[in-house]
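One-based numbering, in listed order, for ligands and for the atoms of each. Along the sequence shown, the residues carry numbers beginning at 1.
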Amino acid sequence: MLSKPAQVAQSAVGDVSIPLESRKVLFVTPEISDFVKAGGLGDVSAALPRALREAHDARVLLPGYRSVLSQCGPLVVAGQVPALGAMPEAAIARAQGRNGLPIYLLICPSLYDRPGPPYGATSGVEWEDNDLRFGLLGWAAAVIARNAIDGWRPDLLHLNDWPSGLASAYLATDRNPTPTIMTIHNLAYQGLFDHSSLHRLGLPEAFFQPEGLEFYGRLSFLKAGLFYSSYLTTVSATYAEEIMRPEFGCGMDGLLRKRAQERRLAGILNGIDESWNPASDAHLIAPFNSDNCDGRAANREQVRASFGLSRSNGPLFAIISRLVHQKGVDIAIEAAESIVEEGGQIVVTGQGEREIEDKLKELARRRPGAIGANIGYDETSSRRMYAGSDFLLMPSRFEPCGLSQMYAQRFGSLPIAHQVGGLSDTIEDGVTGFLFSAPLASGLQNGVRRAFAAFRSGGVMKRMRYAAMTRSYGWREAVKKYSGVYAKVSATRSVFVS
Ligand code: ADP
């Protein structure tokens with residue numbers, strides 16, 4: 001039976017009785033856009049620790065993939081991680097990200113010295129030993145929490161998504177464990193492995209049960225994080241409510257309701273960093289700002305030309321996305337013909353599932369001059385698309401926070417998005433973009449109709465663009481809220497020890 005969702009605890013910020021002291025925070029992540037990015041987590045892992053450093057001593061722990069080490073120059077070893085189960089001994093080296101962000105790299109050539117993106121040889125195909133590759137990330141974080149590195153012992157671990165989830169399990173047997181905060185960036189990726197991984201990861205058999213890290217007969221890294229962490233956060237208030245319901249909970253909704261009832265779950269909205277500024281972005285053909293958008297035209301023409309589109313006075317729609325079911329690109333494909341019939345053009349940059357890639361290529365072949373698709377990952381082109389398009393299509397079936405719609409607004413492209421998760425929390429319907437209620441082509445078409453109407457009445461478009469570009473998307477509010485959570489788990493540390 002569907003029970004009423006538990007109330008999500010408001011973040012601890014309002015709790016003035018807890019002093020917001022500076023903490024030593026180890027931010028554990030599988031990607032950081034300074035060196036390696038597969039999606040939004042890479043951007044957040046670059047921006048959030050930097051923002052946190054205004055209040056805390058935040059440092060990052062990241063696997064030393066080949067692509068990362070090749071960008072780092074000579075490294076100084078700062079510590080060792082002992083072997084455990086089938087995980088070999090590893091070293092920890094000191095590195096620096098942009099503007100001196102301290103980063104500890106986990107050095108283990110047998111697991112990380114491989115070509116390609118973080119999770120597999122190519123996007124969408126995972127390495128078979130990802131249990132060990134990311135088990136080691138959690139194990140190393142736990143070792144640093146226990147033993148310190150560089151004489152620095154973190155007050156807490158800030159974990160991100162399933163690849164770091166085991167850290168909380170490793171610490172769970174300590175008498176007074178270092179507190180762990182786990183941020184859920186996307187509940188749909190769960191890090192599922194066979195039972196046999198338990199021994200490869202050196203975890204006790206007793207942990208393999210539903211009240212632990214077992215998920216329907218398999219070992220789940222994500223569940224380990226959700227179950228054993230001191231506190232859970234996710235990246236928007238609406239997603240925090242949604243994941244407690246079966247339709248968005250990916251099978252974890254019961255556990256999440258329980259954690260919320262314990263007041264250990266909060267939604268904290270992501271921000272975007274200052275590199276997303278159309279007045280100074282070196283990727284753009286011409287700069288512009290909220291008071292003078294003339295420079296958008298040059299970006300628009302470059303985008304049209306690079307996708308082989310005809311000249312047009314109609315609106316330009318963009319999609320910049322991982323091509324996976326979540327993102328609803330199939331819904332946009334279904335609505336594409338009607339957009340073109342109405343006088344619009346569409347450009348798409350993305351990569352992911354083969355079937356969606358093929359459908360996009362086919363669509364572009366069918367509508368030359370009106371629809372262009374670029375299958376691949378291209379940062380420069382994506383920034384020009386935000387800067388040159390009039391609207392961004394985002395019919396995501398679910399969206400924990402979403403960064404693309406914030407980038408689009410900052411660059412003056414109005415998002416047309418499904419009213420779900422972080423999209424609801426970051427787009428003001430009819431003011432900075434258009435929200436529609438059902439993730440279906442008919443829903444998207446409603447949003448598109450409203451967008452065409454705004455485009456044709458130049459004044460409305462201008463007002464909305466200004467409102468979108470001047471909206472605040474900074475990290476300050478998030479840092480205050482995370483500081484509240486850090487204070488709460490530190491103050492109640494002994495309470496969490498069972
Ligand atoms: P998610 O993390 O689910 O992929 P987000 O909206 O949070 O979604 O973040 C996506 C990020 O990845 C944005 O910075 C977006 O611009 C970028 N991105 C996605 N696909 C591409 C691509 N093919 N080329 C360039 N950037 C892309």
Side-chain angles (χ1 to χ4, degrees), residues 29-34 36-48 117-119 122-124 160-163 183-189 234-236 238-239 248 250 268-278 281 283-284 303 306-307 318-329 332 347-354 356-357 360-361 372-389 392-411 413 415-418 420-427 433 473 475 478:
T29 182
E31 48 182 288
I32 180 168
S33 64
D34 296 48
V36 58
K37 165 176 161 181
L41 175 58
D43 283 351
V44 173
S45 297
L48 178 54
Y119 310 105
T122 55
S123 120
N160 295 278
D161 274 353
W162 76 264
T183 296
I184 306 159
H185 298 264
N186 194 332
L187 198 65
Y189 298 95
T234 187
V235 288
S236 70
T238 298
Y239 191 59
F248 291 104
C250 301
I268 301 179
L269 190 67
N270 283 336
I272 61 176
D273 75 35
E274 271 128 39
S275 80
W276 291 91
N277 179 354
D281 190 330
H283 297 279
L284 302 191
V303 172
S306 68
F307 281 87
I319 298 175
I320 302 155
S321 180
R322 289 185 297 117
L323 301 179
V324 293
H325 185 69
Q326 173 197 344
K327 300 292 180 180
V329 177
V347 284
V348 187
T349 287
Q351 66 180 13
E353 289 165 17
R354 188 66 191 276
I356 308 177
E357 293 182 354
L360 282 170
K361 285 192 248 177
N374 170 15
I375 304 302
Y377 190 94
D378 187 336
E379 183 78 21
T380 300
S381 164
S382 76
R383 286 179 181 247
R384 290 175 181 171
M385 288 164 75
Y386 289 121
S389 59
L392 181 82
L393 299 177
M394 229 172 146
S396 305
R397 292 186 164 86
F398 67 94
E399 196 58 77
C401 176
L403 297 173
S404 305
Q405 80 283 3
M406 292 196 260
Y407 297 150
Q409 289 173 84
R410 173 61 58 80
F411 278 43
S413 176
I416 304 171
H418 178 208
V420 74
L423 298 172
S424 310
D425 297 357
T426 55
I427 299 169
Y473 306 101
W475 278 102

Subset of ligand 1 atoms that lie under 4.0 Å from at least one heavy atom of D43: 14 (O)

Can you list the steps and then say if L392 with S404 is a side chain to side chain contact (heavy atoms under 4.5 Å, CB included)? CA-CA 9 Å; L392 181 82; S404 305; 4.1 Å; yes

Over 12 foreign heavy atoms within 6.0 Å of CD, E379: yes

Compute the shortest N/O to N/O distance between Q326 and ligand 1 and return yes if it is under 3.5 Å, no if not. no

Answer yes or no: is there a donor N or O on one side and an acceptor on the other, between the side chain of Q326 and the main chain of S396, under 3.5 Å? no

Among protein heavy atoms, which lies nearest atom 23 (N) of ligand 1, and at what distance? G376 O, 2.8 Å

Which of the listed options, Y377, Y189, F398, Y386, holds the heavy atom that is closest to atom 16 (O) of ligand 1? Y386

How does D378 reach ligand 1, if at all, at less than 4.0 Å between non-hydrogen atoms: by side chain, backbone, both, or neither? backbone

Please confirm whether H185 approaches ligand 1 to less than 4.0 Å, judged on its heavy atoms. no

Mind running salt bridge (Lys or Arg N to Asp or Glu O under 4.0 Å) on K327 and E399 for me, showing each step along the way? CA-CA 8 Å; K327 300 292 180 180; E399 196 58 77; 3.0 Å; yes

Where ligand 1 meets G402 - atom numbers and elements under 4.0 angstrom, heavy-atom basis: 6 (O), 7 (O)

Could you tell me if the side chain of N374 sits less than 4.5 Å from the side chain of F307, heavy atoms only? yes

With heavy atoms and a 4.0 Å threshold, my read on which part of S321 contacts ligand 1 is backbone

With heavy atoms under 4.0 Å as the rule, classify the contact between N186 and ligand 1 as side chain, backbone, both or neither. neither

Within the 4.0 Å heavy-atom cut-off, what S382 brings close to ligand 1 is side chain

Subset of ligand 1 atoms that lie under 4.0 Å from at least one heavy atom of T349: 22 (C), 23 (N), 24 (N)

Protein residue, atom and distance nearest to atom 8 (O) of ligand 1, heavy-atom basis: K327 NZ, 3.1 Å

Can we call the ring centroids of Y189 and W162 under 6.0 Å apart? no

Any atoms of ligand 1 less than 4.0 Å from a non-hydrogen atom of Y407? List them with their elements. 13 (C), 14 (O)

N/O donor-acceptor pair under 3.5 Å between D273 side chain and A47 backbone: no

Any side-chain heavy atom of Y119 within less than 4.5 Å of one from P163? yes

Measure the distance from atom 11 (C) of ligand 1 to every protein heavy atom, then report the residue, atom name and distance (to 0.1 Å) of the closest one. G40 N, 4.1 Å

What are the atoms of ligand 1, with element, lying closer than 4.0 Å to any heavy atom of I320? 16 (O), 27 (C)

Of the listed options (Q351, K37, E379, Q405), which comes nearest to atom 12 (O) of ligand 1 when hydrogens are ignored and any heavy atom counts? K37

Among protein heavy atoms, which lies nearest atom 4 (O) of ligand 1, and at what distance? R322 NE, 2.6 Å

Test item: S381 side-chain N/O and D378 main-chain N/O as donor-acceptor pair under 3.5 Å: no

Rounded at 0.5 Å granularity, tell me how far CG in L323 sits from CD1 in I375. 5.5 Å

Quick one: does A38 get within less than 4.0 Å of ligand 1, heavy atoms only? no

What residue and atom, counting heavy atoms only, is the protein's closest point to atom 7 (O) of ligand 1, and at what distance? L403 N, 3.1 Å

Given R410, Q409, Q405, the one that forms side chain to side chain donor-acceptor pair (under 3.5 Å) with Y473: Q409

Heavy-atom side-chain proximity of T183 to V235 below 4.5 angstrom: yes

